[in-house]
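These notes are about the structure you will find just below.
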Amino acid sequence: MRGRPAAHPFANGRPVRQNAAVPQHRHPEGARSGTPETTELLKLRAQQPDLTSAIDLQLELLGLERRIRSRLTLPTLAFEPERLAALLEAGRPLLRFEDLSINWSDFRFVFRTVADLMRRYEALEEEEHSRTEALCREADRLEPIVVQWYATATEPASADPPADLAGLEPVVQLAMRPFLSRAAEALAAIDFSAWGRGCCPVCAGEPEFAVITPAAERLLLCSRCTSRWRFDPIACPYCGNEERDRITSFASRDGLYRIYACDECRRYLKAYDARHAARPVMLAVDTIATLPLDAAAMQRGYRA
Ligand SMILES: [Zn+2]
Ligand SMILES: [Zn+2]
């Protein structure tokens, strides 16, 4: 299949880093305000000190996202229900890049800050970090790369991944998240039931996570815009494989999480099992809490 694995800075194939080099005196930006996500992350940090570095980076990213989102206005989107229904029916994602009306100086600020944070927590190599700095210095280079990055999901047949972007996808993905998730909110009330694809109905991004609802349905969560949509409870969203005996599924020891690993395309998807849970799924928390499951899946030869 075409396209690259969902870029996630914490699931990059490297072992979960111990918190050796993280300055202990720092209090991550996001930790100050007690949103449900930060509260859960701090709880998780106390329970699993091995995840401290990943959790502190996540707290910083949440703080950044909150600051930038407060500055963003909801994009004005064309909401004609007939047009949206026709797009969903045809398997075409709803959000065009131009709908986002991005303020590029805001974006450049977020991109640079995400890259600096990832470097500080060693989720980005020095060489890659230098390339992000070069991109920020040349104002006219960053914009077309981001437009192209968006098109690799929405127009996979015609868009090639931008060469300048190789290795920097996680930075673009995290920097775009506040802009995309804000726009996705404007579309969240739409009924996606006509959508049968494994990618996101809003932006065509790949799923990064899933949740099993109390009704035993499976919702997928977008790696780009964080939208949710219902998908077959077993089939692989990456390659469409529906053969149950070609999908390996296993649960975490506490039963809260589950992995679906596809024996066709060798990719895996993590899920939160809300049937046995005290709180709803939280993408920012559950992707970190399941880092040990990533390691287990990768050991079995699967990839994110
Ligand atoms: Zn999306
Ligand atoms: Zn597959």
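Every number for a ligand or one of its atoms is a count from 1 in the order of the listing.
The distance between the ring centers of Tyr272 and Phe209 does not fall below 6.0 angstrom.
For the side-chain contact (heavy atoms from CB on, under 4.5 Å) with Ser227, the qualifying choice from Pro93, Cys200, Pro207 is Cys200, the only one to do so.
Salt-bridge formation is not detected for the pair Asp116/Arg119: no Lys NZ or Arg NE/NH1/NH2 atom is positioned less than 4.0 Å from an Asp or Glu carboxylate oxygen.
Other residues, nucleotides and ligands place more than 12 heavy atoms under 6.0 Å from the CD atom of Glu133. Heavy-atom neighbours of Glu89 CD from other residues, nucleotides or ligands within 6.0 Å: at or below the threshold of 12.
Legend: residues meeting side chain to side chain donor-acceptor pair (under 3.5 Å) with Arg279, ordered by chain and number and at least two apart, are Glu40, Asp286. Residues satisfying the side chain to side chain donor-acceptor pair (under 3.5 Å) test with Asp245, not counting sequence neighbours, are none.
Take a cut-off of 2.8 Å around the Zn ion (ligand 2): the protein N, O or S atoms inside it are Cys236 SG, Cys239 SG, Cys262 SG, Cys265 SG. Shown are the protein N/O/S atoms under 2.8 Å from the Zn ion (ligand 1), given by residue and atom: Cys200 SG, Cys203 SG, Cys222 SG, Cys225 SG.
By the 6.0 Å and 45° rule, Arg67 does not stack over the aromatic ring of Phe109.
Side-chain atoms of Tyr121 and Glu60 include a donor-acceptor pair closer than 3.5 Å.
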